[in-house]
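Take a look at the structure set out below.
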Amino acid sequence: MPEGPSLVILKELAKPYEGRTIAKAHGNSKGIPFDELPGQPIISVRTWGKHFLMELPLLSLRVHLLMFGSYRIDEEKDGASPRLSLSFEEGGELNFYTCSVKTIDGDLDDAYDWSADVMADAWKPAAALKKLRAAPDMLVTDALLDQTIFSGVGNIIKNEVLFRLRIHPLSTVGALPAPKLRELVKQARQYSFEFLEWKKAFALKQHWLVHTKRICPRCNIALHKAHLGKTQRRTFWCERCQKRYSAVL
DNA sequence: CTAAATGTTAAGCC
DNA sequence: GGGCTTAACATTTA
């Protein structure tokens with residue numbers, strides 16, 4: 001479920017719970033003060049990249065769905081114990097499964113750099129560019145997955161953005177011409193919003209051009225697939241269509 | 001049935 | 001302590 005756009009969908013679904021007061025809280029997450037939650041209203045529901053945040057008067061709850069996380073709203077998941085379950089005095093419940101739940105003390109605006117979230121109103125392309133220019137040796141396949149630069153971008157978005165821009169995943173950030181680097185920043189957000197619309201229409205997969213694919217849709221030759229970069233994530237690319245920008249000529 | 005995958009974090013080791 | 005590697009987590013799909 002979990003790249004940035006999917007979290008935006010969760011945020012929209014959870015929005016009606018803003019202002020409701022927690023009646024009961026439980027779950028099998030460790031380190032969560034479930035006893036302290038009843039009586040606290042949800043002040044706001046927010047997201048930062050892949051983080052789902054519920055702001056309460058005394059603390060905030062942070063849910064990260066990781067790779068396999070899921071949620072149910074106003075119902076429970078069959079045969080699963082929630083990591084976090086909240087029910088409300090006004091009715092309704094939010095249940096989260098197979099996820100990481102943590103508390104955050106203090107103001108959320110101090111805890112997060114909102115300008116790094118590609119889905120956020122506060123997104124600042126200039127800030128991303130600055131971070132990229134500070135790391136010229138980084139591979140673009142790693143740069144797009146760096147949550148401090150492109151919070152919310154995941155492996156699908158990474159593969160599709162690189163193909164769309166015809167950039168080889170093993171290009172280094174510093175070798176990209178300035179206009180190409182600006183395009184990278186722009187498309188990281190642009191593609192993420194298209195992802196959001198496709199996801200809402202249950203038509204995400206049909207828009208994938210290279211992710212999980214075997215043939216290049218532009219030139220019909222076989223795509224390459226390998227686990228690249230620091231994180232060794234699955235990468236799909238076309239050796240003919242995607243140019244490898246390298247510092248060494 | 002087995003493997004792999006939209007992801008992060010903590011522990012362990014130089 | 002930094003920086004890197006590895007394991008751990010745990011569900012669904014191919």
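Below, chain A is the first sequence line, B the second, and so on; all start at residue 1.
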Are the charged groups of A:Lys186 and A:Glu183 less than 4.0 angstrom apart, N to O?
no

Say you pick atom C1' in C:dT5 and the same atom in B:dT6; how far apart are they, in whole Å?
23 Å

Could you tell me if the ring centre of A:Phe88 sits under 6.0 Å from that of A:Tyr17?
yes

Closest of B:dT9, B:dA5, B:dT6 to the A:Arg233 side chain is B:dT6

From CD1 of A:Ile157 over to P of B:dA5, roughly how many Å is that when rounded to an integer?
18 Å

How are the rings of A:Phe96 and A:Tyr71 set to each other: parallel, tilted or perpendicular (split at 30° and 60°)?
tilted

Pairing of A:Lys131 and A:Asp113 as salt bridge, 4.0 angstrom limit:
yes

B:dT9 P sits how many Å from A:Lys102 NZ, rounded?
6 Å

Say you pick atom P in C:dA10 and the same atom in B:dA11; how far apart are they, in whole Å?
16 Å

Could you write nucleotides 7-14 of chain C as a row of B, S and -, 5' to 3', where a protein heavy atom under 4.0 Å of any base atom gives B, of only sugar-phosphate atoms gives S, and otherwise -?
---BBS--

Determine, for A:Lys158 against A:Asp142, whether the closest basic-nitrogen to carboxylate-oxygen distance falls under 4.0 angstrom.
no

Could you state the CG-P distance from A:Asp137 to C:dG3, rounded to the nearest angstrom?
14 Å

Would you mind classifying the nucleic acid contact of A:Lys50 as base, sugar-phosphate or nothing, using non-hydrogen atoms under 4.0 angstrom?
sugar-phosphate

A:Phe150 has an atom CZ; how far is it from atom P of B:dT8, in whole Å?
15 Å

Is A:Lys77 close enough and on-axis enough to A:Tyr97, meaning under 6.0 Å and within 45°, for cation-pi?
yes

Is it true that A:Tyr191 and A:Trp198 have ring centroids separated by less than 6.0 Å?
yes

Distance check needed: B:dA5 C1' versus A:Asn159 CG, whole Å only.
12 Å

Have a look at A:His51 and say if it touches a base, only the backbone sugar-phosphate, or nothing, with a 4.0 Å heavy-atom cut-off.
nothing

Pick base, sugar-phosphate or nothing for A:Lys158, based on heavy-atom distances below 4.0 Å to the nucleic acid.
nothing

Atom CG of A:Asp146 and atom P of B:dT9 are separated, to the nearest Å, by 12 Å

Can you check whether A:Lys230 has a side-chain N or O nearer than 4.0 Å to OP1 or OP2 of B:dT8?
no

Rounded to the nearest angstrom, tell me the gap between atom NZ in A:Lys225 and atom P in B:dA5.
6 Å

How many whole angstroms separate atom CD1 of A:Ile156 from atom C1' of B:dT6?
4 Å

Watson-Crick/G-U partner (both atom distances under 3.5 Å) of B:dT6
none

With a cut-off of less than 4.0 Å, is there a side-chain N or O of A:Gln147 near OP1 or OP2 of B:dT8?
yes

OP1, OP2 of B:dG7 versus side-chain N and O of A:His64: anything below 4.0 Å?
no

Of the listed nucleotides (B:dA5, B:dA10, B:dT6), which one gets closest to any side-chain atom of A:Asn155?
B:dT6

Quick note, side chain to side chain donor-acceptor pair (under 3.5 Å) partners involving residues 210-220 of chain A, not counting sequence neighbours, are A:Asn159-A:His211

